[in-house]
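Structure, as structure tokens:
In this text the structure is predicted, and so the values were computed from the model without any measurement.
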Amino acid sequence: MKPEDLKYAKTHEWVAVDGDTATIGITDFAVQLLTDIVYLSLPTVGKKFAPGESMGEIESVKAVSDIYAPVRGEIVAVNQSLPDNLALLSDSPFEKAWIAKLRIADPTQLSQLMNRAEYLKHCEKDHH
Amino acid sequence: MAYLFDTPEQRRRMLEAIGISSIDELFTQIPAELQLKRELHLPEPVSELALEQDMTRRLGQGGTSAGICFLGGGVYDHFIPAVVDEITSRGEFYTAYTPYQAEASQGTLQAFYEYQTLISQLTGMDVSNASLYEGGTAVSEAVFMAMRVNGRHNKVVFAGTLHPEYRQVLETYFSRLGTTLVEIPHENGVITAEACRAAVDDQTCAVVMQQPNFFGCIEDITTLTEIAHAAGALAILAFDAVSPGLLKRPGEYGVDIAVAEGQPLGTPLQFGGPLLGIFTCRNEYVRKMPGRLIGKTTDRKGKECFVLNLQAREQHIRRDKATSNICTNQGLLALRTTVFLATVGPNGMRQMATLSHQKARYAASVLTKIPGVSLKFQQPFFREFVLQTSKPAEAVLSALTAKGINVGPHLSRFDLHNVSGMENCFLVALTEKRTREEIDGLAEALKAVLS
Amino acid sequence: MRNQTATQLLFQMSSPGRGTIVFPPSDVPAVSGVPELPAQCLGSAQLPLPEIAEPDVVRHFVNLSTLNMSVDSHFYPLGSCTMKYNPKRHERLARLPQAATSHPYQPESQLQGLLSVLYEMQHMLAEISGLPGVSLHPAAGAQGEFTALLTAAAYFRDRGENRTRVLFPASAHGTNPASAALAGFECVQLSGGKNGFVDLDELKAQLDDRTAVFMVTNPNTLGLFERDIAKVAQLLHDVGGLVYIDGANMNAILGKTRPGDFGGDMMHYNVHKTFTGPHGAGGPGAGPIAVRDFLAPFLPAPIVTYDAAKNWYSLSKPAKSIGQVRTFFGNVGILLRGYFYIRTLGGKGLREASELAVLNANYLLSQVKDFLEVPHGDRCMHEFVASGRKLKEETGVTTMDVAKRLLDYGFHAPTVYFPLVVEEALMMEPTETESQQTLDAFAATLRTICSEPAELVKGAPHSTAVCRPDEVNAARKPILCWSAPNC
């Protein structure tokens, strides 16, 4: 997936939409900010989340962040191998390091998300 | 001031370097109207000698303060080998702080790693943290952790045989969080499977139990744990830290979290504090654990070493989302227990537990031969049991105290729900330190008091 | 010369079958007629603990101790931790029989001496804080915060008020929000103004009838006295809220000003810092709290009371007590050391201790400010925060590198990377129990390090037993327990 084709949340999740399924990961920018990631907890398949609700956690030596659901929906798949291959988060943030797939309950919420350019601008602002 | 270094001349030079002429100028940072204009009303300073004389007068009476001590209820008069005091008196240990700089703290870090391992070995649980405040708060922390594990916040079930002070702490900790605490009433001093089943449902976060329980009786923890697990609840066990020397280890019951008051393993009574909160759990819950953890790793040169680990769980990073607000561990007491367990080893633990048990059996046997004295609960016990006498316990214990023997606590001092007729009941606790002569002396004294 | 044999793990030193005998044989006969332990509750095998001879145990721990830096052996300017000298007299006095061997369920008649000391300690802490209600019960500072917040909640409930929010500045210790969350409050963080001071307008905007407590450390975590503290308190009191003073930095103001006098309604003490309980490699602490008179009825139980007519000390429960937050009375062993300290210094001595702590901090500041930036000015209370930002920009040497290099010179490092509001922070708290010579030597060493080749500093420490443990790997695959190698 090309970063340009993805949608982004302010909380640094990316979303790839395919039909009614959203694949979710966290951005290269967020991974860089967190530095050495040591742990990732995945959501449970079947669990439902509202937008902005924490569905998992990502932890570095000195910081922890929540992974937020970008839109309402139910988890249909998780990337089981990711917690044991955390290097993927920096090596392949938009491909192999996907975190979960979610069945979108309310597609209108997708319009709340940013495109790549908007997101990059947001990061710049966020960082200063 | 007693701990003074600088001469007036040095002080003058320091002020000069700062660019001021008096210390008072430094305190202009505090608005004048907020400054204390008088000296604190405190006792006049005293010399070391005078302090020692005064303290010896006030704190020094009676040789061993607790007399001949049959007191129980969570902390006990156990033997502490001299090695423990010697080692922990080393300034390199007790005047160091939290091992933030790993290179300057390998002594502490390795000792805590050894502590964690020793406690795992003692309990049969996967992981131990580097300790919490004491047993009672450890129970409450265990419940918080259980909530993080299974996400059930509404209901916690606890055994009516739990230490009443542990239960009090639990009630205080959860007083504002909307969690319902449900007590399982006991039957003849223990929790039955039926009573447990009746209390537990699919909303229950955890079942909190104690082994041996507050009354000293042995519970069927295996069955109670199965009931908890069948409902998707976690099993939390508070155990007597000496008991694994003779009884099953908490891990063998299949519980999820096991906690204990670690005082019996090398810490003096100190009127109940500081103590040592032992806290252990299954491996899969380690990131939900409260408190400090030490991990093994390697350094730049590939050398094995130790560091503070998984700090991201803790309050200084996670703030309001931390696994606990705890900042300290009971470092010095964890070290005491490390030295204690290293010194006594498996044989020592076995002896300590077995002696305590044998002496408790002997004591129960001779005491219940006295007319008007019986075991309150006809249950197997480990080192402590409830006696019922023909007279109010408070008066009986006072009379024994007058004879230099301390027994108790009497159960009417606690708010024990679902228990009647406790005014004539008290605990009797035994350790390896009590001799046959002392036990026989207690029997004689009790006989005299009751007749 | 390091003894590598003795610092192996205990478990590697074990020889199974050594059969250590610690206790005497049983002197009681086996009895019948008492319920027998059922077989299913008995342990099956010997505990898998190591078996080590006592002399080896001693050599092991003595050698481990030499791998530590400590106040007894090194200058330890760890900011916010008040690493002052731990008087040796305290250790001996704490072993007096009533202090060391009293059982918490012993009758009061045997504890009059101990209770009289604890009663006196309650009064001393009330006088030092200017807050009359004291509970010695909490186990540590963080538990003191939690206990005080529950006390406040009980007070509000008693008045029929439902206040849900606890406020604190961004520079607060992590325990503040953690305690507030634990006590069931909503946490509101303020970003704060210049020098980490409270921004009065920002605070005002957040205050309303939902406000329960504002938690603030004074002097703040930058080592600066909150000049507007009285106004802050007034704002809180105007909306019916309370002010909590985190007492972590009390060592700056003993006898100079009192939380009760500058508007605080509640506070905790860190006895192991301010009053020299041993830091114990991370504890135990003791976190007594002091509160205003109207909060006293809600304090946790037990407290010590005195009946003058009977000349009798006893334990009692305040009228509307929140109950217990821990088992038994409190961390008596630590409280007593604090008491010994206060007795040794008296009112004048405590005041002098704070004066010298502030003098030492300002002197150290004056000796480092020409080569290390101190962003918050050239005055401080008992500690100050320098920044290694420029050094990092110019040479790539970080604050962490400087901290590690200090170890090579036999100094413990300051607190680093806290508070977060200062880049590359180095927080230094020399305390009053250090001489000018020590401070000079430390400042000179820091100066040297700042001009050493970057490579050298980045490779530090060179002289310690280990160098820069891999924390990332440790956290990724935690090894928290030794296990026997597979045979």
Report yes if some heavy atom in the side chain of [X] is under 4.5 Å from a heavy atom in the side chain of [Y]; otherwise report no.
X	Y	answer
B/Tyr133	C/Gln143	yes
C/Leu359	B/Leu15	yes
B/Leu247	C/Leu37	yes
B/Arg350	C/Gln46	no
B/Pro244	C/Leu47	yes
C/Leu64	B/Glu92	no
C/Leu182	B/Tyr173	yes
C/Pro278	B/Phe93	no

Is it true that C/Asn68 and B/Thr108 share a donor-acceptor pair across their side chains at a distance under 3.5 Å?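 A pair is found: one side chain offers a donor N or O, the other an acceptor, under 3.5 Å apart.
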Can you tell which of [options] has the highest number of heavy-atom pairs within less than 4.5 Å of chain B?
options	result
C/Pro107, C/Pro469, C/Ala142	C/Pro469
C/Gly113, C/Ala181, C/Cys481	C/Cys481
C/Gly282, C/Ser435, C/Pro284, C/Ser366	C/Gly282
C/Ser44, C/Ala183, C/Ala413	C/Ala183
C/Cys81, C/Ser73, C/Pro50, C/Gly285	C/Pro50
C/Phe23, C/Trp482, C/Phe262	C/Phe23

To the closest 0.5 Å, what do you measure between [atom1] ([X]) and [atom2] ([Y])?
X	Y	atom1	atom2	value
B/Glu44	C/Arg343	CD	CZ	10.5 Å
B/Thr298	C/Asn473	OG1	CG	6.5 Å
B/Leu34	C/Arg258	CG	CZ	12.0 Å
B/Leu310	C/Glu471	CG	CD	11.0 Å

Just by distance, do the side chain of [X] and the backbone of [Y] share a donor-acceptor pair under 3.5 Å?
X	Y	answer
C/Glu127	B/Leu40	no
B/Asp299	C/Cys467	yes
B/Lys248	C/Gln40	yes
B/Thr297	C/Asp470	yes
B/Gln10	C/Gln436	no
C/Asp27	B/Thr435	no
B/Asn406	C/Gln106	no
C/Arg326	B/Gly136	no
B/Glu103	C/Arg468	yes
B/Glu134	C/Thr327	yes

Criterion side chain to side chain donor-acceptor pair (under 3.5 Å) against B/Tyr97, the qualifying member of C/His279, C/His272, C/His412: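 Passing option: C/His272.
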With side chain to side chain contact (heavy atoms under 4.5 Å, CB included) as the criterion, how do B/Leu26 and C/Arg379 come out once you've worked through the C-alpha distance, each side chain's angles and the decisive distance to 0.1 Å? CA-CA 7 Å; B/Leu26 293 172; C/Arg379 282 290 174 277; 3.8 Å; yes
Once you measure the plane-to-plane angle for C/Phe328 and B/His163, does it fall in the parallel (<30°), tilted (30-60°) or perpendicular (>60°) bin?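 Ring orientation, 0 to 90° scale: perpendicular.
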Compare every heavy atom of B/Arg176 with every heavy atom of C/Gly184, then report the nearest pair and how far apart it is.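 So the minimum-distance heavy-atom pair works out to O-NH2, 3.5 Å.
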Determine the minimum heavy-atom distance between C/Gly333 and B/Pro274, stating which atoms define it.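 Smallest interatomic distance, heavy atoms only, reads N-CD, 3.7 Å.
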Taking B/Gln378, B/Gln379, B/Glu86 one by one, which has the highest count of heavy-atom pairs under 4.5 Å against chain C?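 Heavy-atom pair counts peak at B/Gln379.
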Who among B/Leu122, B/Ile23, B/Ile30 has the most heavy-atom pairs with chain C under 4.5 Å?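 Answer, by heavy-atom pair count under 4.5 Å with chain C: B/Ile30.
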Under the criterion side chain to side chain contact (heavy atoms under 4.5 Å, CB included), which of C/Val58, C/Leu10, C/Val57 is the partner of B/Val339?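 Option passing the side chain to side chain contact (heavy atoms under 4.5 Å, CB included) with B/Val339: C/Val57.
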Taking salt bridge (Lys or Arg N to Asp or Glu O under 4.0 Å) as the test, write out the residues that go with B/Asp6, two or more places apart.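 By the salt bridge (Lys or Arg N to Asp or Glu O under 4.0 Å) rule, B/Asp6 matches no residue at all.
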Side chain from CB out, backbone as N, CA, C, O: work out which of these in [X] comes under 4.5 Å of a heavy atom of chain B, or both, or neither.
X	value
C/Met124	both
C/Asn176	neither
C/Pro300	neither
C/Cys187	side chain
C/Leu9	both

Which is it for C/Gln324 and B/Glu165 under the side chain to side chain contact (heavy atoms under 4.5 Å, CB included) test, yes or no, and what are the steps along the way? CA-CA 8 Å; C/Gln324 280 175 261; B/Glu165 293 202 42; 2.5 Å; yes
State which residues pass ring-ring contact (aromatic ring centres under 6.0 Å, His included) with B/Tyr3; sequence neighbours excluded, sorted by chain then number.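 Expected list: C/Tyr85.
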Do C/Glu355 and B/Arg11 sit within salt-bridge range, that is, some charged N less than 4.0 Å from a carboxylate O?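 Between B/Arg11 and C/Glu355 there is no salt bridge, as every charged N stays at least 4.0 Å from the carboxylate O atoms.
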Does CZ belonging to C/Arg92 count more than 12 external heavy atoms closer than 6.0 Å?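 Atom CZ in C/Arg92 is not crowded, with 12 or fewer foreign heavy atoms closer than 6.0 Å.
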